[in-house]
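This report refers to the structure that appears directly beneath it.
Start at 1 with the first residue, then count along the sequence. Just so you know, ligand 1 is whichever comes first in the structure, and atom 1 is the first atom listed for that ligand.
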Amino acid sequence: MIRKFIRRVFKRGEPSPHAVETVGPDQHGIRPEQVSSAARRTCEGLQQAGHQAYVVGGAVRDLIAGIVPKDYDVATDATPDQVRRIFRRSRIIGRRFQIVHVMFGAETIEVSTFRAAHDEDTLKDEHGRVLRDNVWGNMEEDAARRDFTVNALYYDPASGQVFDYHHGVRDLQRKTLRMIGDPRARYREDPVRMLRAVRLAAKLDLRLDPVVQAPIREMAELIENVPAARLFDEMLKLLFSGHAVECVRRLREDGLHHGLLPLLDVILEQPLGEKFVMLALADTDQRVRAGKRTSPGFLFATLLWHEVLANWEARKKRDELPVPALHAAMDEVIDTQGEKLAITRRIAGDIKDIWLLQPRFEKRAGRAPFRLIEQQRFRAAWDFLHLRAASGEAPQELADWWLAFQEADNAGREALLQPDTASPKKRRRRRSNSKNAAEPANAVPPAPTFDE
Ligand code: ATP
Ligand code: MG
């Protein structure tokens, strides 16, 4: 304890290797009105109470790069308790890494207290991954523990100046992603930084500094030690960044996709699987960029579909009945992938809904299409079918038929129906089951008939 204290005092006494640069609006180009008013008011409130407070991290980086930030972080020398007392609508989040959420209307600003850089006493796992990171520090130390130079910029709304300890503004203007400190050491501390490097480079169209790029391939396997829930969060960020296609391309180049989604490499090696996944990612990118709604369930359903297909095929070859075989295949894939990826129960439910509706598109006679179209997840399932057709795995004519069926009025739908080829026995059974027609929208779909 005393040793640590002495070391810290001496460390503070050393001349700073990173003189701070003050960058004015003419150089960084951020106009005050571009900054969210909630972030400005958070800084104002803290500064009025006598604290330092800056907009920090991704938001400053994005504003300089001309991108609208998705959220705002504020860094301050106030402790979480002090922050909490200043803002009536705020709450402390997290036990180990305490931060404060400050709410203004619908917007939430994440306020964190300056943290210190690591030293020899930092708790790490056997691979060097940092397990605890909650020692408070000053602004310079806070800058040093951030990952990339472009993420260590502090914007003061009061003066309009950016404080830059690691030449982040210059790197951003030169379109280079540079690590603060030694990239190998920083990846060892937190392997997720490899994924962040790829994602941020894709998002901001940056070149990876060669020393940031070089160790990734050989260190990629460290990703496997990252807790599943954290990996899942990072994966969602990546897939919904609006640049998923570019991210996956870069991940494959760097051998990083193994850790992310262990079966993704297998899927991407199957010609139809690769086409399907890439089409789904391109579709998601478009939706994100157009500000449309996206759903993790849909995207994961696409990523894992070819795995389900392969598993299902294998089971049918072993003479398992098609429907139970599909259920078993789905469960097996979700169980293996779900555990590694921390797919939540709710998302797993959405994924299965979409998969289970696929075989039902094959029935285009009788009342089945009318029942299918009433399903709550019909639209998502049709979008899925549409991608399957575009990749060549399902007939295009089938997807087109369902589009026409959706758009037709009742008479038009009747006219589109195909002749019912089911045996009279089956038809009778179906009619006697007609209470199915009144099934709740999200009921488990009745077993499809397979006319194979
Ligand atoms: P975006 O919000 O676009 O996903 P971001 O860089 O803002 O990107 P956040 O997860 O919001 O990502 O992190 C906010 C800031 O916290 C970063 O800009 C960076 O300064 C710091 N940070 C985040 N993750 C790490 C990490 N793994 N190691 C070091 N610093 C990090
Ligand atoms: Mg952010």
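With salt bridges taken as basic N to acidic carboxylate O contacts below 4.0 Å, none links Asp383 and Arg388. Looking at Glu246 and Arg250, a side-chain N of the basic residue comes within less than 4.0 Å of a carboxylate O on the acidic one, giving a salt bridge. Salt-bridge annotation for Glu332 and Arg315: present, with a side-chain N of the basic residue lying under 4.0 Å from a carboxylate O of the acidic one.
Scanning the protein heavy atoms around atom 21 (C) of ligand 1, the nearest turns out to be Arg146 NH1, 3.6 Å. The nearest protein atom to atom 7 (O) of ligand 1, hydrogens excluded, is given as Gly58 CA, 3.2 Å; this is a heavy-atom distance. The protein heavy atom nearest to atom 28 (N) of ligand 1 is Arg193 NE, 2.8 Å. For atom 4 (O) of ligand 1, the nearest non-hydrogen atom of the protein is Arg199 NH1, 2.8 Å. Ranking the protein heavy atoms by distance from atom 17 (C) of ligand 1 puts Arg196 NH2, 3.4 Å first. Closest to atom 10 (O) of ligand 1, if we only count protein heavy atoms, is Lys237 NZ, 2.7 Å.
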Exercise. List the steps and the verdict of ring-ring contact (aromatic ring centres under 6.0 Å, His included) for Trp402 and Phe361.
Key: CA-CA 8 Å; Trp402 278 97; Phe361 283 115; 5.1 Å; yes
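Heavy atoms of Asp73 found under 4.0 angstrom from ligand 1 belong exclusively to the side chain. Under 4.0 Å from ligand 1, the heavy atoms of Asp190 that appear belong solely to its side chain.
One distance of note links CG of Leu387 with CE of Met278; it measures 13.0 Å at 0.5 Å rounding. The CD atom of Glu140 lies 11.5 Å from the CZ atom of Phe114; values are rounded to the nearest 0.5 Å.
Those atoms of ligand 1 that come under 4.0 Å of a heavy atom in Lys70, given as number and element, are 1 (P), 2 (O), 3 (O), 4 (O). Below 4.0 Å from some heavy atom of Arg230 lie the following atoms of ligand 1, by number and element: 27 (N). Of all the atoms in ligand 1, the ones that sit under 4.0 Å from a non-hydrogen atom of Arg145 are 29 (C), 30 (N). The contact set between ligand 1 and Gly57, taken as ligand atoms under 4.0 Å from a residue heavy atom, comprises 18 (O).
Looking only at side-chain heavy atoms (C-beta outward), Ile86 and His51 come within less than 4.5 Å of each other. Put simply, the side chain of Leu326 reaches to within 4.5 Å of the side chain of Val308, judged on heavy atoms.
Aromatic rings of Phe378 and Trp382 (six-membered ring for Trp) have centroids beyond the 6.0 Å cut-off, not under it.
The option with the heavy atom closest to atom 3 (O) of ligand 1, from among Lys203, Arg115, Glu234, is Lys203. Taking each of Asp147, Ile67, Asp142, Ile180 in turn, the one with a heavy atom nearest to atom 30 (N) of ligand 1 proves to be Asp147.
Of the candidates Leu63, Thr42, Val60, Leu63 is the only one forming a side-chain contact (heavy atoms from CB on, under 4.5 Å) with Tyr72.
Taking distance alone, with nitrogen or oxygen atoms compared against 3.5 Å, Ala152 stays at or beyond that limit from ligand 1.
For the ligand labelled ligand 1, residue Arg61 lies inside the 4.0 Å heavy-atom shell.
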